[in-house]
Every structure is written in structure tokens, then in C-alpha cells.
K.L.:
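Before anything else, here's the structure in question.
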Amino acid sequence: MVAVVEVIPSVTSLIDKAVERMDRLSDEINHVTTHSEKQARPAREMFDMAERLETDIDAA
């Protein structure tokens with residue numbers, strides 16, 4: 001048995017709007033993630049440098 005489903009234009013419109021919102025949210029999440037990574041990079045570099053210094057001190 002094959003079911004024939006009639007799509008109501010208002011439902012299609014709601015689905016389209018939901019997809020657009022999800023795309024915008026995805027773009028915003030990517031932007032925030034990239035920005036956070038850029039800000040975290042200097043702190044990560046300082047932490048790595050501190051670890052290298054600690055290793056050098058321990059080796060001396």
C-alpha cells in the first residue's frame with residue numbers, strides 16, 4: 001500500500017524557516033568556536049612554554 005501525503009504549504013514554510021534558523025545557529029557556533037580558539041591560543045602557548053621550562057629545570 002502506498003500512502004499519498006499532501007504537504008500543506010504552511011508546514012513547508014515552517015520547515016524552511018527552521019532549516020534557515022539551524023543554518024544561522026551553526027554559522028554562529030562556528031564563529032564563536034573559532035574566536036574562542038584564537039583567544040585560547042596565547043594561553044596555551046604560555047602553558048606549553050611553562051611546561052618546557054619545568055622540564056628543562058628538572059633536567060638540569
Side-chain angles (χ1 to χ4, degrees):
M1 174 183 254
V2 176
V4 177
V5 178
E6 180 181 334
V7 179
I8 301 170
S10 61
V11 172
T12 303
S13 176
L14 286 173
I15 292 171
D16 289 343
K17 286 179 183 177
V19 169
E20 287 174 14
R21 285 182 181 168
M22 288 176 62
D23 286 344
R24 280 196 308 264
L25 282 173
S26 177
D27 290 344
E28 290 174 11
I29 289 169
N30 288 337
H31 173 75
V32 168
T33 301
T34 301
H35 183 71
S36 296
E37 288 173 353
K38 284 181 183 177
Q39 287 196 333
R41 194 170 298 133
R44 192 176 314 123
E45 289 172 358
M46 288 177 61
F47 180 78
D48 291 344
M49 186 174 25
E51 281 190 325
R52 286 192 300 272
L53 286 171
E54 185 178 6
T55 302
D56 291 346
I57 291 170
D58 289 343

K.L.:
If you look only at distance, which donor and acceptor atoms sit under 3.5 Å apart when one is on a side chain in residues 45-60 and the other is two or more places apart or in another chain?
P.N.:
| from | atom 1 | to | atom 2 | distance (Å) |
| --- | --- | --- | --- | --- |
| Thr55 | OG1 | Glu51 | O | 2.9 |

K.L.:
Not counting sequence neighbours, list each pair that qualifies as a side-chain hydrogen bond (donor to acceptor under 3.5 Å, both in side chains) and has a residue in residues 24-42.
P.N.:
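As it turns out, the side-chain hydrogen bond (donor to acceptor under 3.5 Å, both in side chains) pairs with a partner in residues 24-42, which skip direct neighbours, are His35-Gln39.
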K.L.:
Quick one: side-chain contact (heavy atoms from CB on, under 4.5 Å) partners of Asp23, sequence neighbours excluded?
P.N.:
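Residues passing side-chain contact (heavy atoms from CB on, under 4.5 Å) with Asp23: Val19.
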